[in-house]
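Computed from a prediction, not measured in an experiment: that's the story for all the values here. One-based numbering, in listed order, for ligands and for the atoms of each.
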Amino acid sequence: MRILMVCLGNICRSPIAEGVMKTLAQQHHLPWEVDSAATENYHIGEPPHRLSQKVCLQHGIDISQQRARKFTKADLAKYDLIYAMATDVYKEMMAIIGPNQTTNNVHLFLNELHPNQNESVPDPYYGAEDGYQTVYNLIEATCNIIINKYK
Ligand code: 4NP
């Protein structure tokens, strides 16, 4: 299984999702390839936000080696499952992909946790530290569902 997690900056939400999903795959001895990407250019090449790194480390996950990269149209064919962390991200991804493409493998991440609700993982970037813990908890719960669904 190849899984791609996508958010706006690839420094807050999707790096946590990449770290949690990779850790769960390892724990289940699954040879899954997991990556993450951004729809926006602001933080390309940067490591994850310090508070995303901190909350992951509190759960034993080191995401310090990740670097933000842009989501591209080529990712559509490369990954089996592509998750948008929020509805605005999903719209941006569709704009990058362009018309007349099959996008059956692109899903809203939280629909795995709360089917058909079209909810977004809240953007913690402009908020306080506890927002990152809230985001981590949502991501961990959803990644557990994904692993049990596809393992
Ligand atoms: P992310 O959070 O999409 O979870 O990585 C954001 C990071 C940076 C910005 C927005 C969201 N920004 O506007 O720079």
Side-chain angles (χ1 to χ4, degrees), residues 1-26 32-98 101 103 105-147 149-150:
M1 188 73 75
R2 291 190 177 90
I3 302 184
L4 184 66
M5 307 293 190
V6 185
C7 65
L8 294 177
N10 193 203
I11 56 163
C12 297
R13 293 164 291 182
S14 62
I16 297 174
E18 177 185 335
V20 170
M21 199 75 250
K22 272 184 176 161
T23 301
L24 284 173
Q26 280 167 10
W32 289 10
E33 186 181 320
V34 185
D35 196 8
S36 60
T39 55
E40 311 303 320
N41 292 319
Y42 321 125
H43 299 284
I44 301 308
E46 293 180 18
H49 192 284
R50 69 173 183 88
L51 293 175
S52 287
Q53 292 197 41
K54 184 175 174 183
V55 74
C56 281
L57 264 191
Q58 285 166 347
H59 295 84
I61 300 174
D62 180 358
I63 62 168
S64 63
Q65 298 308 305
Q66 293 186 29
R67 294 295 177 268
R69 72 151 173 104
K70 191 83 185 277
F71 174 74
T72 70
K73 193 173 172 177
D75 288 321
L76 186 64
K78 189 173 167 196
Y79 291 89
D80 304 301
L81 292 169
I82 303 178
Y83 288 112
M85 305 303 289
T87 54
D88 54 352
V89 174
Y90 185 91
K91 284 194 195 111
E92 284 300 322
M93 289 167 70
M94 290 303 154
I96 290 167
I97 290 166
Q101 302 294 320
T103 56
N105 54 338
V106 183
H107 307 280
L108 205 48
F109 182 72
L110 284 185
N111 276 348
E112 297 282 16
L113 183 67
H114 299 137
N116 306 314
Q117 299 303 299
N118 296 335
E119 293 170 356
S120 297
V121 178
D123 183 350
Y125 186 63
Y126 296 101
E129 184 166 347
D130 61 352
Y132 287 78
Q133 183 61 58
T134 303
V135 162
Y136 183 93
N137 292 342
L138 269 175
I139 288 172
E140 185 185 48
T142 307
C143 285
N144 271 306
I145 288 171
I146 293 169
I147 203 112
K149 189 169 170 182
Y150 293 102

Open item on the list: Evaluate Pro124 for polar contact with ligand 1, using N/O atom pairs at a separation under 3.5 Å.
Closed with: no
Open item on the list: When you compare ligand 1 with Ile11, is there at least one nitrogen or oxygen pair between them that comes in under 3.5 angstrom?
Closed with: yes
Task: atom 1 (P) of ligand 1: the protein heavy-atom neighbour that sits closest, reported with distance to 0.1 Å - done: Cys7 SG, 3.4 Å
Open item on the list: Taking the side chain as everything from C-beta on, heavy atoms only, tell me whether Ile61 gets closer than 4.5 Å to Lys22.
Closed with: no
Task: Heavy-atom donor-acceptor pair, Asp35 side chain to Met5 backbone, under 3.5 Å - done: no
TODO: Give a yes-or-no answer on whether the side chains of Gln133 and Asn137 include a donor-acceptor pair shorter than 3.5 Å.
DONE: yes
TODO: Return the residue, atom name and 0.1 Å-rounded distance of the protein heavy atom closest to atom 9 (C) of ligand 1.
DONE: Tyr125 CD2, 3.6 Å
TODO: Evaluate the ring planes of His49 and Tyr125, with Trp represented by its six-membered ring, and classify them as parallel (under 30°), tilted (30 to 60°) or perpendicular (over 60°).
DONE: perpendicular
Task: Whether Asn144 side chain and Glu140 backbone form a donor-acceptor pair below 3.5 Å - done: yes
TODO: For atom CZ of Arg67, decide whether the heavy atoms of other residues, nucleotides or ligands shown that lie under 6.0 angstrom number more than 12.
DONE: yes
- [ ] Would you kindly specify which portion of Tyr126 sits under 4.0 Å from ligand 1, judged on non-hydrogen atoms: side chain, backbone, both or neither?
- [x] side chain
TODO: Please could you name the atoms of ligand 1 that Leu8 approaches to less than 4.0 Å, counting only its heavy atoms?
DONE: 3 (O)
Task: Any N/O pair Arg13/ligand 1 closer than 3.5 Å - done: yes
TODO: Answer yes or no: is there a side-chain heavy-atom contact under 4.5 Å between Pro15 and Asn10?
DONE: yes
Task: Subset of ligand 1 atoms that lie under 4.0 Å from at least one heavy atom of Cys12 - done: 1 (P), 2 (O), 4 (O), 5 (O)
Task: Heavy-atom nearest neighbour in the protein, as seen from atom 11 (C) of ligand 1, with distance rounded to 0.1 Å - done: Asp123 OD2, 3.1 Å
TODO: Just need the protein heavy atom nearest to atom 8 (C) of ligand 1, so name the residue and atom and give the distance.
DONE: His43 NE2, 3.4 Å
- [ ] Number the atoms of ligand 1 from 1 as they appear, then name those within less than 4.0 Å of a heavy atom of Gly9, with their elements.
- [x] 1 (P), 3 (O), 5 (O)
Task: Exercise: do Asn118 and Asn111 side chains pair donor with acceptor under 3.5 Å - done: yes
